[in-house]
Structures are given as structure tokens and as C-alpha cells.
Amino acid sequence: MPNRLPPYGGGRGERPVSMQSLELLAPAKNLECGIAAIDHGADAVYIGAQRFGARAAAGNSVEDIAQLCRYAHQFGAKVFVTVNTIIYDEELNDTLQLVDELDSIGVDAILVQDMGLFSLLKQREKPLHCELHASTQTDNRSAEKVKWLFDQGFDRVVLARELSIKEIADIHDSLIGQAPSLGRAGEGVFPLEVFVHGALCVSYSGQCYASQYCFQRSANRGECAQFCRLAFTLKDANGKVLESERHLLSLRDMAQIDNLEKLADAGATSFKIEGRLKDVDYVKNITAAYSEALNEVVRRNPEKYRRASFGRCTYTFTPNIQKSFNRGFTTYFAEGRKQGLVSFDTPKAMGEPVGKVKEIRGHSFNISTTTSFANGDGLCYLTPTGLVGFRVNKVEGNRIFPLRMPESLKPGTMLFRNLDQAFTTLLAKPSSERKIDIIFRLYEENGKLTLTAKDEVGRTATVQSDCELQPAAKPQEENIRRQLSKLGGTIYQCKDIEIDTKAFIPSSVLANMRRMVIADRCWVLEDCNTRENTIHHHPTPTTHHPKYPTPYLYNASNRKAKEFYKAQGIEACSLEGFEHSGSLSTGEGGGRGHTSPLLLMQCRYCLRNEMGFCTKSGKRAPWKEPLTISISDGREFQLQFDCKNCQMNVVSINN
């Protein structure tokens with residue numbers, strides 16, 4: 001990983017003369033995953049606290065987060081904490097107390113969705129030392145919205161997953177043209193964070209109410225029931241069944257590993273891996289893969305880019321994104337609208353293709369492949385009724401003996417491996433080391449033996465010894481190098497040693513000086529992310545929040561949020577947010593008593609386009625609209641195609 005250099009503060013046109021830091025942001029379900037992410041190349045980690053994060057099942061104690069901060073800051077890496085759910089009135093005080101605790105332990109940023117919470121943090125006299133980031137849950141799909149968020153005083157904006165590379169560049173360029181009062185600390189810096197890998201929500205984030213409507217589990221409260229992963233039956237206006245029990249809204253997973261340089265050139269500064277519910281082997285593999293890819297971007301553009309943290313990683317495995325959980329990959333809308341965004345047949349992980357069944361004999365079969373297999377591998381294949389999986393019990397060359405022979409397996413069937421046992425075994429062990437290069441200089445100064453250490457960032461520390469200096473009877477260089485290079489158990493590795501003394505130095509003295517200078521370095525590194533007393537700059541807002549067609553889309557679920565939006569001139573927010581309104585979502589099954597259709601999802605993904613009948617294609621669809629989709633309990637939802645805005649909406653149907 002390249003050295004950590006001063007931050008960059010100019011526009012895209014200035015990059016040949018200014019260095020832009022590129023940050024790889026990895027997920028952490030817990031402390032173990034967070035440390036693994038740092039060890040495998042992350043420049044920053046995002047993690048949930050015990051409450052108020054957008055993944056209710058991924059909470060962590062303040063003590064664990066503090067430990068993660070101490071570990072990450074050694075490498076100049078950062079820790080962000082998600083407090084990005086909507087907040088109810090009775091929770092505001094507890095949330096403020098949590099943010100204060102997180103700020104006091106040294107977290108680098110808090111991710112926020114709720115504007116009531118944001119306004120309280122912004123208005124109070126006690127300043128925060130950490131940054132405030134606008135979560136993707138604040139629906140950041142337009143330049144207008146992103147400008148508005150920076151104008152309010154956010155330090156970073158997490159962009160919507162649906163944006164193309166060109167749209168990201170347009171947003172960045174529009175921000176650079178703004179008055180210098182905008183941006184972090186008023187410096188005209190506009191950190192833009194983009195998702196590059198992991199699961200995709202079919203709805204714009206923060207604008208999905210289907211889970212709450214159907215199951216009383218709010219996506220805006222971190223309890224999404226994954227409505228979009230269900231099987232649906234699609235019918236036209238005449239009741240004709242177009243698709244039966246298929247996963248029509250289940251998007252493939254994002255993989256932008258080949259687009260990192262384009263995203264950086266577009267103005268993205270942070271590259272985010274989704275997955276705060278993923279286990280440690282996923283974090284290790286995906287973080288390492290993207291870290292290596294980001295290093296390649298830096299190597300190709302040394303005058304433009306550098307990594308946001310420091311230290312170099314060495315791995316015991318070859319990272320491969322195909323070997324971790326995925327539903328098949330897509331670059332989504334990176335290069336514009338495409339087909340192939342959805343896996344209609346299954347919402348489950350299929351893994352990497354490994355070959356076709358060649359011949360079946362009794363309780364075994366051969367595969368036409370060059371892939372090697374191991375006992376315990378997980379294989380799967382698709383059938384008309386869904387995904388079939390099985391475990392490998394024994395391997396003899398290309399002949400596979402399953403634990404149980406699947407009855408539906410036929411010659412010619414394409415097989416996928418969704419569990420690579422050998423790869424999993426590698427990741428279960430220590431699989432990476434992250435080390436900071438250090439150079440020692442041993443010399444005499446004013447009659448005293450002096451040892452100076454300089455790390456790859458250019459920082460130094462010096463210690464002296466009071467030992468009596470006597471001429472050496474034989475060369476000392478070999479022993480000096482051996483003693484000073486003993487850095488096992490530390491985060492350092494010795495790159496070089498300069499020796500400028502002819503004195504005899506006992507090994508015990510060398511070892512003690514090495515320990516002292518390293519201990520001094522550790523104190524400095526703990527403070528390497530020293531935060532300003534007040535980093536927030538709050539200009540007088542000059543932009544306006546984009547108007548939503550329906551009041552509950554503002555997600556105003558506490559009095560402070562309503563006051564905030566009222567000050568913005570949005571009177572309609574007197575209506576409760578969707579989750580907090582009995583008139584919208586009450587009773588068993590959610591919302592059966594409503595009197596008008598409700599907008600449950602806004603999707604850039606379009607089912608009509610996916611099926612090959614976009615109106616712009618000129619192909620006439622073989623159905624009569626409106627189209628409806630239904631789930632297994634019979635509840636139906638209408639699909640509305642807003643072709644002007646290239647958007648598909650999912651709305652409720654009166655029941």
C-alpha cells in the first residue's frame with residue numbers, strides 16, 4: 001500500500017499536480033471482522049453500534065469499537081459507525097448519548113440518515129470531533145440532493161448505488177463549481193463515497209417501504225425482511241400469467257472491481273464494500289481483492305492518486321471475488337442501462353462455474369473441467385424448480401462422489417461451486433499481515449549511542465543509551481542488524497539499517513533501544529488521526545431539498561425532523577413517516593386498511609426493460625398493462641413505469 005500523503009483539495013482538472021487519496025471502505029459485522037478488514041488492506045471500516053444502525057443484527061459495544069479504533073489508527077486507517085436509521089422521539093436522547101460516547105472513543109465519522117438527529121448534532125453547543133456522513137439512506141441520487149447535503153454541513157455523502165460513472169462525474173463537477181463555503185471545513189473538498197461491491201437493493205435506499213408494509217419490519221429501522229428476494233407471479237391487466245413464482249426483483253450482486261480507476265477519475269474518493277452481515281472469510285477475501293485492485297490504480301497513476309492509509313499487506317491466499325458469497329455479478333448502471341441485472345431463478349449464491357457433468361455412473365459422476373475439487377466442496381445447479389445443492393463426499397480426479405446423489409442431475413448440467421473447501425480452510429487461518437516499513441539509523445552523538453527510526457510516512461522517533469562506548473574488537477554489523485530486525489509481534493518490518501558507529505554494543509542494549517523506539521512510534525501512531533477540535537463548517541444554506549411527491553418519503557419520524565424540514569419550507573412533513581403512521585401501516589400483514597395506493601418502492605431497475613420490452617426499444621410488449629406482481633400469500637402489487645424518469649415504481653393495491 002502506498003505511503004500516506006497530505007490530503008488533496010482540488011478539482012478533477014488539478015489532479016496532475018495534486019494527490020487524491022483513495023479510500024477502500026470495508027464492512028465489519030464485529031470486532032474480528034473489523035481487524036481482519038484492516039489487516040487485509042482496508043483504509044477504513046464501517047461498523048454498527050448496539051442500536052440505531054441500518055443492520056439491526058449487526059450491533060457492537062462501544063468498548064469493541066474503541067478497540068477497533070486503536071487498531072485501525074496505527075495504520076492511519078479510520079473507523080466509521082453507522083447510526084443511520086430513522087429515530088423516534090423517545091429515542092433521541094439515547095441516540096445523542098450514543099453519539100457522544102462514540103465521539104469520545106475516537107471514531108472518525110458517524111453515518112446519519114435521520115435529519116432530526118443531524119439537526120440536533122449540528123445546533124448544539126458541544127461540538128463533535130468526528131465527521132458526519134450522509135448515509136445512502138438519505139436517497140442521494142441527484143446533484144441537487146448532494147449539494148443540499150453538503151450545504152447543510154455534512155462532511156461526506158454516500159451516493160446512491162444506481163448512479164452511472166458519468167452521473168458521478170457530473171455530480172462531482174457540479175460541486176466543484178460551488179462557492180468555497182461548501183465542502184469539508186469550508187475548503188471546497190467534496191468527499192464522495194460509492195458502493196463498489198456486494199448486495200444490491202432493488203429500491204433506492206431509504207425509499208423502500210415494502211418490508212414494513214408487508215411484514216411490519218422497516219428497512220429504515222434496520223429490519224428489512226428482503227421483500228425483493230421473494231418469488232413473484234407476474235400478470236398483465238387481463239390476468240394472463242407472464243411469469244410464475246420467479247424472483248423478478250432479486251438483483252445480482254455488484255462488482256465494480258474493474259471500474260475503480262474510472263470511478264476515481266469521476267471524482268469518487270471512497271470505495272465501499274457492502275456486507276455488515278457477512279462473516280470474516282468474506283471480509284478477508286473481498287477486501288484483499290479490492291485492495292490489490294486499488295493499488296494497481298495507484299501504481300498506474302502515481303502522480304494523481306495515493307492510498308488513504310499506510311502499511312503493506314502480504315497474503316497467504318490469492319484473492320478471488322468469485323469464491324465468496326455472490327448471486328452472480330453486475331456492474332449495475334455503471335455504464336448505463338443494461339439487461340441481465342436479475343437472477344430470476346434463485347436469490348441464493350451460485351458461486352463460480354466449474355464445468356459440465358460429463359457422465360453419471362451409479363453414485364458418482366465425471367465433470368468436464370480443469371478445476372480441482374476437494375472433499376467438502378459445495379456444488380449446485382439450476383433446475384426448472386430452483387437451485388439444487390449438494391456436498392462432495394469424495395474426489396478421485398474428475399470423478400465426484402456426492403454425499404447424496406441428486407436425482408435431478410443429468411449429463412450436460414452446468415455445475416457451480418458455492419463452497420471451495422480448500423479456499424475456506426486457508427481463510428480460516430491467519431491469512432494476511434499488514435506491516436509498516438521502518439528504517440533504523442544507529443550512530444554516535446555527543447558521546448552517546450543514538451537510535452533513530454523513520455517510517456514509510458516520514459515520521460521519526462529517537463532514543464539514546466547511556467551505555468559506555470568502547471571500540472569493538474571485531475565487526476559488529478551482523479549482530480546489530482540481527483538485533484534491530486527482530487520486530488516480530490509488532491506492526492513494523494525493517495526495510496533498512498544505517499550504521500555509523502564502531503563501538504561494541506551488547507545485544508541487550510540494542511534490544512532495549514529497539515523496544516524503546518518502537519514503543520515511542522506506537523504512541524505517535526495512536527494519534528496519527530488527530531482530529532480537529534471542530535471540523536464542522538455550517539454555512540448559511542443556499543440550496544433547497546428536492547421535492548418528494550409523497551410526504552412520508554421524507555422519513556420524518558420525530559419532532560426534530562419535522563421542525564428541520566419545516567425550516568426548509570416543506571410544510572407537508574406534518575404527516576408522520578411511513579413507519580410511524582398507523583394510517584399507513586397497521587395490523588397483521590401491514591397496511592390492509594389503507595384507502596389509496598402507496599408508493600412502496602422506487603426502482604431504477606425496470607422489469608419491462610429486463611424482459612426486453614423497453615418502450616425505447618420499439619418492441620411491442622405481448623401484454624396489456626398495468627402489470628401486477630403477487631407473492632405466495634396472494635397479496636398483489638402494481639408496477640408503474642415512469643418512462644420520463646426511467647423509473648419503475650412498486651405500489652400497493654387496495655385489499
Side-chain angles (χ1 to χ4, degrees), residues 27-31 34 44-73 78-138 149 152-156 158 206 218-223 276 526 529-538 554-565 567 576-577 579-580:
K29 178 172 71 173
N30 52 33
L31 175 60
V45 171
Y46 64 104
I47 189 170
Q50 287 179 321
R51 299 179 66 188
F52 312 121
R55 296 290 186 273
N60 295 274
S61 68
V62 172
E63 291 75 16
D64 278 357
I65 296 172
Q67 186 175 338
L68 179 58
C69 288
R70 289 191 293 271
Y71 189 80
H73 289 173
K78 297 183 177 181
V79 176
F80 308 151
V81 180
T82 56
V83 188
N84 58 337
T85 63
I86 56 173
I87 310 296
Y88 296 159
D89 280 317
E90 62 271 20
E91 299 170 332
L92 283 172
N93 287 337
D94 287 344
T95 311
L96 289 172
Q97 182 179 346
L98 172 64
V99 171
D100 281 341
E101 291 177 9
L102 294 170
D103 192 43
S104 70
I105 63 171
V107 303
D108 299 282
I110 304 290
L111 278 77
V112 176
Q113 174 188 10
D114 192 283
M115 289 301 160
L117 172 63
F118 173 73
S119 65
L120 284 171
L121 293 172
K122 173 181 154 183
Q123 293 168 2
R124 66 181 186 164
E125 293 183 3
K126 180 181 179 181
L128 280 178
H129 300 94
C130 63
E131 294 184 350
L132 291 176
H133 294 179
S135 167
T136 192
Q137 294 292 118
T138 54
L149 288 164
Q152 300 308 308
F154 277 102
D155 301 286
R156 178 186 293 193
V158 186
S218 170
N220 283 316
R221 296 278 291 170
E223 299 171 340
R276 276 201 298 123
E526 283 184 5
N529 278 340
T530 301
R531 302 171 300 165
E532 301 173 38
N533 289 332
T534 306
I535 63 168
H536 300 293
H537 179 71
H538 302 300
Y554 291 94
N555 293 326
S557 293
N558 59 66
R559 67 186 186 281
K560 287 297 181 182
K562 294 171 190 174
E563 290 173 6
F564 174 82
Y565 281 117
E576 294 283 358
E579 290 81 356
H580 217 45

Handout entry: Test item: Asp64 and Asn30 side chains (from C-beta on) under 4.5 Å apart, heavy atoms
Key = no
Problem - Over all atoms of both residues, closest heavy-atom pair of Gly222 and Thr85 - result: N-CG2, 4.1 Å
Practice task
Please name all residues satisfying ring pair (Phe, Tyr, Trp, His ring centres under 6.0 Å) with Tyr46, sequence neighbours left out, ordered by chain then number.
Solution key: none
Fill in the blank from the handout: So CG of Leu149 and OG1 of Thr138: to nearest 0.5 Å the spacing works out to 5.0 Å
Problem - Approximate separation, where rounding is to 0.5 Å, of Asn220 CG and Asn555 CG - result: 4.5 Å
Exercise for the section: Determine the sole option in Leu31, Val107, Leu68 for which the side chain to side chain contact (heavy atoms under 4.5 Å, CB included) test with Ile47 is passed. Expected result: Leu68
Exercise for the section: Verify side chain to side chain contact (heavy atoms under 4.5 Å, CB included) between Asn558 and Glu91, making sure each step is shown before the conclusion. Expected result: CA-CA 9 Å; Asn558 59 66; Glu91 299 170 332; over 6 Å; no
Problem - Candidate pair Lys78 and Glu131, rule salt bridge (charged side-chain N to carboxylate O under 4.0 Å, His left out), full reasoning - result: CA-CA 11 Å; Lys78 297 183 177 181; Glu131 294 184 350; 5.0 Å; no
Problem - Between His133 and Asn84, a side-chain donor and acceptor under 3.5 Å - result: no
Problem - Lys560 NZ to Gln123 CD distance, which is reported to the nearest 0.5 Å - result: 6.5 Å
Exercise for the section: Taking the side chain as every heavy atom from C-beta outward, state whether Ile86 and Leu117 have any pair of such atoms under 4.5 Å apart. Expected result: no
Practice task
Please report the closest heavy-atom contact between Gln113 and Gly206, naming both atoms and the distance.
Solution key: NE2-CA, 4.2 Å
Exercise for the section: Provide the closest heavy-atom pair for Cys130 versus Ala109 in the form atom of the first, atom of the second, distance. Expected result: CB-N, 3.9 Å
Exercise for the section: Of all the heavy-atom pairs spanning Lys29 and Asn60, show the shortest one and how long it is. Expected result: O-ND2, 3.0 Å
Handout entry: Cationic N near anionic O, under 4.0 Å, Lys126 to Asp103
Key = no
Exercise for the section: Look at the rings of Phe154 and Phe118 and say which category their plane angle falls in: under 30° parallel, 30 to 60° tilted, over 60° perpendicular. Expected result: parallel
Practice task
Please lay out, stage by stage, how Val83 and Leu102 fare under the test side chain to side chain contact (heavy atoms under 4.5 Å, CB included).
Solution key: CA-CA 10 Å; Val83 188; Leu102 294 170; 4.2 Å; yes
Problem - Shortest non-hydrogen contact between Gly34 and Val45, atoms and distance - result: O-CG2, 3.9 Å
Handout entry: Nearest non-hydrogen partners of Ala556 and Lys562, listed with the distance
Key = O-CE, 3.8 Å
Handout entry: Gap separating the CG atom of Leu132 from the CD atom of Gln152, nearest 0.5 angstrom
Key = 12.5 Å
Practice task
Measure the spacing between CE of Met115 and CD1 of Ile87 and express it to the nearest 0.5 Å.
Solution key: 12.5 Å
Practice task
Starting at CG of Asp108, measure out to NE2 of His73 and round the result to the nearest 0.5 Å.
Solution key: 3.5 Å
Exercise for the section: Please list all pairs passing the ring-ring contact (aromatic ring centres under 6.0 Å, His included) test where one or both residues lie in residues 81-117, with sequence neighbours left out. Expected result: Tyr88-His580
